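Below is one structure, written out as structure tokens; the observations come after it.
All chains are named by letter (A, B, ...) in the order of the sequence lines, taking the proteins before the strands, and each is independently numbered beginning at 1. Just so it is clear, the structure is predicted and the values come from calculations on it, not from any experiment. Reckoned from all heavy atoms, side chains included, excluding hydrogens, waters and symmetry mates.
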There are 2 protein chains.
Amino acid sequence: MWVLGVTERRVMGAFWVLNLVLFLVQVVGIKGAHGIGEHGVRIWPMPLSVSHGHKSLYVGKDFKIMSQGSKYKDASGILKDGFSRFLAVVKGAHVVDGDTSKLDQSRVLQGLNVFISSTKDELQYGIDESYKLLVPSPDKPTYAHLEAQTVYGALHGLQTLSQLCQFNFSSRVIEILMTPWIINDQPRFSFRGLLIDTSRHYQPLPIIKNVIDSMAYAKLNVLHWHIVDTQSFPLEIPSYPKLWDGAYSTSERYTMADAAEIVSYAQKRGINVLAELDVPGHALSWGKGYPSLWPSKDCQEPLDVSNEFTFKVIDGILSDFSKVFKYKFVHLGGDEVNTSCWTLTPHVSKWLKEHSMNESQAYQYFVLQAQKIALLHGYEIVNWEETFNNFGNKLSPKTVVHNWLGGGVAQRVVAAGLRCIVSNQDKWYLDHLDTTWEQFYMNEPLTNITKSEQQKLVIGGEVCMWGETVDASDIQQTIWPRAAAAAERLWTPYDKLAKEAKQVTGRLAHFRCLLNQRGIAAAPLAADTPLTQPGRSAPLEPGSCYLQ
Amino acid sequence: MWVLGVTERRVMGAFWVLNLVLFLVQVVGIKGAHGIGEHGVRIWPMPLSVSHGHKSLYVGKDFKIMSQGSKYKDASGILKDGFSRFLAVVKGAHVVDGDTSKLDQSRVLQGLNVFISSTKDELQYGIDESYKLLVPSPDKPTYAHLEAQTVYGALHGLQTLSQLCQFNFSSRVIEILMTPWIINDQPRFSFRGLLIDTSRHYQPLPIIKNVIDSMAYAKLNVLHWHIVDTQSFPLEIPSYPKLWDGAYSTSERYTMADAAEIVSYAQKRGINVLAELDVPGHALSWGKGYPSLWPSKDCQEPLDVSNEFTFKVIDGILSDFSKVFKYKFVHLGGDEVNTSCWTLTPHVSKWLKEHSMNESQAYQYFVLQAQKIALLHGYEIVNWEETFNNFGNKLSPKTVVHNWLGGGVAQRVVAAGLRCIVSNQDKWYLDHLDTTWEQFYMNEPLTNITKSEQQKLVIGGEVCMWGETVDASDIQQTIWPRAAAAAERLWTPYDKLAKEAKQVTGRLAHFRCLLNQRGIAAAPLAADTPLTQPGRSAPLEPGSCYLQ
């Protein structure tokens with residue numbers, strides 16, 4: 001929804017009238033881009049609507065940002081920093097040493113006027129991420145215009161604008177081809193996630209920041225941080241300071257200040273952090289510091305359901321989480337719970353009998369207890385799909401079910417009235433190195449979900465970079481370009497998506513090369529050959545980035 | 001040589017006396033590190049001499065740089081920028097939010113005094129790269145001291161100091177363990193190179209800068225830029241503006257301003273750029289813009305020896321090079337020349353007969369002509385070893401022979417009185433993915449060279465990252481950590497090098513993890529298994545960085 005106050009409506013009205021005139025003047029040669037954009041429109045992910053002309057503009061040497069009429073005051077500097085990053089990536093690929101003052105001034109764009117109607121910059125699930133971008137044709141006014149409801153919509157607009165800019169090897173300045181551009185854009189889904197896993201391999205802060213940068217380029221907006229698992233517990237928990245004794249080493253740890261830095265870094269780029277506490281399975285490392293969380297020293301997973309201390313620790317962790325992880329949701333895991341340690345350990349087995357629970361009831365009890373604690377800390381909850389598959393009707397209505405096992409789950413979840421995030425492993429697990437980018441692209445979250453009210457319950461999807469064979473050396477080229485294929489599926493309206501992946505090959509290759517130009521180690525699109533795998537394969541032979 | 005003026009000698013004399021006293025006060029527990037440093041000394045590459053104590057210091061919140069008594073005025077900001085980078089890498093791994101003002105002030109280091117005796121900052125082959133670093137024990141003075149002949153020696157000292165710093169997870173500040181440190185250091189070889197190849201795959205500017213950053217961490221000091229080859233000609237040559245028509249695409253090109261930016265970026269980090277023009281073979285791409293450089297359209301390589309235009313173009317390129325590439329040396333290639341196109345092409349064959357040359361004489365003629373042109377432009381020359389193997393006694397005495405084919409070449413080169421760079425492919429080619437870091441470490445450039453005057457002719461060595469299967473996505477993890485193994489061989493005195501590679505495994509793993517913490521995608525040390533290769537393999541399973 002585009003809601004403006006009276007004053008703004010007047011300002012913006014004048015702006016659009018002016019630009020409509022400009023647009024009509026330039027109408028010769030203007031084309032609507034029909035989704036796939038293989039004929040000149042190289043934007044990734046493809047916007048909701050794009051029109052463009054056929055003239056080029058230069059970006060002025062002192063290209064500046066203005067915010068005439070904007071209600072947003074940018075006290076936190078989010079917009080200013082975003083604009084600095086915009087300039088850095090646009091100018092980073094080549095030395096811009098041409099002199100725009102010597103060029104025809106009617107063809108030089110002097111700046112960007114950004115109009116934002118919301119005064120607030122809280123980043124939260126479901127905020128308005130839409131934007132409208134107008135780059136004029138070579139004539140007055142000499143400003144491009146970007147309007148958005150929120151500063152985060154404006155950041156998306158800057159990303160799009162950055163993709164329109166390219167270095168001109170003759171004039172040695174940045175140019176924008178095919179002006180005027182009129183772009184109207186908003187995401188299809190509110191949750192567009194990427195999971196990273198810092199338990200199987202520790203990822204240093206600069207690497208995580210680099211991943212966040214690259215997510216912003218593809219308009220992904222949720223970093224699902226699978227912090228802890230069986231293998232290691234790298235995060236400081238002030239309430240239970242021995243928990244990070246489960247880290248791989250003393251240096252492979254994050255302080256809470258590090259976590260806050262990640263959240264803040266992501267937030268400035270319009271990306272929320274979804275923290276995960278995967279219970280009761282996938283939690284063996286907790287017991288390094290507090291062995292009583294294990295059923296026994298010989299049977300260490302899942303967490304001891306019979307021990308009140310277990311839930312005290314979960315409460316302490318979620319209390320600490322709530323001070324740093326401000327996203328509406330927390331992820332409580334709940335997947336792959338093998339309960340045999342509960343029946344094999346005498347004191348747990350005794351407790352089960354006393355409470356008249358069998359193993360699966362105890363699993364349900366644990367998950368629901370954890371949900372209650374999270375709700376008390378103000379969170380809504382994400383749980384992996386096994387919780388739904390086993391006792392879906394018992395889950396809090398504030399639960400979002402995170403699909404991973406396969407297709408067909410989302411339709412059952414939304415039919416039951418719960419929300420769903422789609423990550424079916426056969427298509428959206430990045431650690432599956434034999435899954436091609438084409439499969440990532442074609443995976444449709446709304447498959448077999450036709451009712452509008454049910455479709456709305458699919459809040460989005462997420463690609464998962466599980467860390468078994470992924471460390472700081474290979475995380476980026478395992479993520480990209482396949483995550484970008486999913487990012488378009490999650491951003492672009494269904495009708496604008498390519499019906500066959502091969503239609504977007506050239507544009508995705510262009511985006512992958514753009515990532516490379518920005519210092520992101522995105523891998524070739526890679527033909528699947530007997531010698532290699534589609535995920536993170538090295539180029540097979542010499543050649544142009546655009547053809548590999 | 002350590003040459004100081006009278007005033008400096010006095011200042012430095014006082015400095016060393018003071019510190020000698022401090023040193024003796026702390027002598028209990030002081031240890032000399034014996035080369036390998038597996039018992040606490042984690043510096044990579046290992047310095048010439050290292051002594052340390054057993055007390056820890058904190059790095060003050062406002063840790064600053066001073067240059068009391070220094071003759072070097074840093075007009076170009078090289079030292080200032082180097083210090084900023086030092087702070088950035090030291091503080092980049094974790095949020096430093098501890099308050100050093102609340103700590104015992106006698107244990108807080110307030111800054112670093114840098115004393116540089118040379119006023120000049122020209123970076124050139126053979127400059128003094130030595131430095132002395134003193135980190136006091138917890139007592140006055142509260143400054144660490146770094147002295148160097150040149151600012152580039154001081155940059156190495158900053159790299160070493162950065163490796164002594166680590167984040168303390170209790171106090172949340174940076175600490176230096178095992179003070180006092182007294183480090184006296186200088187490189188074994190003056191030429192410590194890494195080759196990158198931008199012809200087989202274009203490498204964007206941010207990627208090249210990232211490689212340069214990582215080279216500085218390992219104290220490598222020559223970026224050998226193999227710019228052009230058969231596959232593509234990405235560099236602008238103003239004298240012959242159609243040469244870069246041979247680029248893979250219009251965007252996969254470097255302007256001369258880009259090249260100057262790379263040179264400048266490297267120079268600020270103490271790294272020279274050795275530009276290569278590989279003639280007469282490996283030059284097919286030249287003919288895209290100027291087809292007359294080919295013997296014929298059907299037989300396109302090597303460059304047409306019979307055409308005066310060929311040498312005019314080489315002259316033009318080297319003229320353009322000399323404005324940007326200020327290193328003493330230019331690399332003229334000369335390897336793998338298959339001359340069959342010369343005999344198979346009628347006009348070239350005719351020319352050969354007219355000049356009474358057979359193919360191998362024509363090859364010699366070409367190389368010597370190119371050498372003459374380079375000499376006229378003020379360069380000394382590097383040529384691949386085939387030139388020496390075929391007509392070594394004809395080469396200019398200003399030639400440095402670049403070994404690559406195998407071992408045993410260097411000894412013949414220096415016996416002939418020429419200088420040599422060692423890059424034997426069986427041990428120092430990074431594109432050989434089956435070569436282990438241990439083999440990189442153990443490759444000794446002076447094998448079988450015993451006479452001191454001959455040893456001096458081996459100016460160093462270089463690891464080569466040929467680009468057939470290396471693009472922006474995988475260059476860093478194919479280079480590191482194996483290049484680091486060679487970097488220690490080239491830096492550290494022979495007597496301090498480990499006699500068996502396995503003795504340094506832990507320290508190299510530590511350095512690889514340090515690279516990761518600085519955002520460099522260095523690969524695991526990687527056991528060689530049937531499933532993987534030692535070069536750039538992904539981690540095989542979950543685990544600590546330090547153990548993989």
Side-chain angles (χ1 to χ4, degrees), chain A residues 92-95 97 166-167 169 172 199-202 204-207 209-210 231-232 236 248-255 257-258 260-261 467-478 480 513 515-524 536 538-548, chain B residues 92-95 97 166-167 169 172 199-202 204-207 209-210 231-232 236 248-255 257-258 260-261 467-478 480 513 515-524 536 538-548:
Chain A
H94 298 282
V95 175
D97 60 353
Q166 62 179 58
F167 181 74
F169 283 83
R172 313 296 162 114
S199 177
R200 275 62 178 250
H201 284 95
Y202 179 83
L205 241 62
I207 301 287
K209 289 179 175 178
N210 196 240
Q231 287 81 356
S232 77
E236 173 185 32
Y248 277 135
S249 66
T250 49
S251 72
E252 287 166 298
R253 296 188 293 178
Y254 308 99
T255 65
D258 292 341
E261 168 71 9
E468 279 81 355
T469 67
V470 171
D471 64 10
S473 73
D474 59 353
I475 186 167
Q476 286 287 40
Q477 84 259 39
T478 318
W480 308 106
C513 299
L515 290 176
N516 287 172
Q517 285 161 28
R518 296 177 180 188
I520 305 295
R536 75 175 173 213
L540 298 174
E541 56 186 12
S544 168
C545 179
Y546 299 96
L547 302 175
Q548 296 196 315
Chain B
H94 297 282
V95 175
D97 60 353
Q166 63 179 56
F167 180 75
F169 283 82
R172 314 296 164 114
S199 178
R200 276 61 177 250
H201 284 95
Y202 179 82
L205 241 62
I207 301 288
K209 289 179 175 179
N210 196 239
Q231 286 82 357
S232 77
E236 173 185 33
Y248 278 133
S249 67
T250 50
S251 71
E252 286 166 299
R253 296 189 292 178
Y254 308 100
T255 66
D258 292 341
E261 167 72 9
E468 280 80 355
T469 67
V470 171
D471 64 11
S473 73
D474 58 354
I475 186 166
Q476 287 287 40
Q477 84 258 40
T478 318
W480 309 105
C513 300
L515 290 176
N516 287 172
Q517 283 162 28
R518 295 176 181 190
I520 306 295
R536 76 176 173 213
L540 299 174
E541 57 186 11
S544 167
C545 180
Y546 298 97
L547 302 174
Q548 295 195 317

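When heavy atoms are compared at a cutoff of 4.5 Å, Asn210(A) does not approach chain B at all. In this structure, chain B has heavy atoms under 4.5 Å from both the backbone and the side chain of Ala257(A). Only the side chain of Glu236(B) comes within contact range of chain A, judged by heavy atoms closer than 4.5 Å. If you measure heavy-atom distances from Pro539(B) to chain A, the contacts under 4.5 Å come from both the backbone and the side chain.
Taking 4.5 Å as the limit, some side-chain heavy atom of Tyr248(A) sits within range of a side-chain heavy atom of Pro542(B). Proximity of Trp480(B) to Ser473(A): side-chain heavy atoms (C-beta onward) are nowhere separated by under 4.5 Å.
Considering only heavy-atom pairs separated by less than 4.5 Å from chain B, the leading option among Ser249(A), Ser251(A), Gly92(A), Ser232(A) is Ser251(A). Of the listed residues (Glu261(A), Gln477(A), His94(A)), the greatest number of heavy-atom pairs within a distance under 4.5 Å of chain B belongs to His94(A). Across Asp258(A), Asn516(A), Ile475(A), the residue that shares the most heavy-atom pairs under 4.5 angstrom with chain B is Asp258(A). Heavy-atom pairs under 4.5 Å with chain B were tallied for Ala93(A), Gly543(A), Cys545(A); the largest tally goes to Gly543(A). The most heavy-atom pairs under 4.5 Å with chain B, out of Arg200(A), His201(A), Gln517(A), Gln231(A), come from His201(A).
In this model, a donor atom of one side chain and an acceptor atom of the other lie less than 3.5 Å apart for Glu252(A) and Ser544(B).
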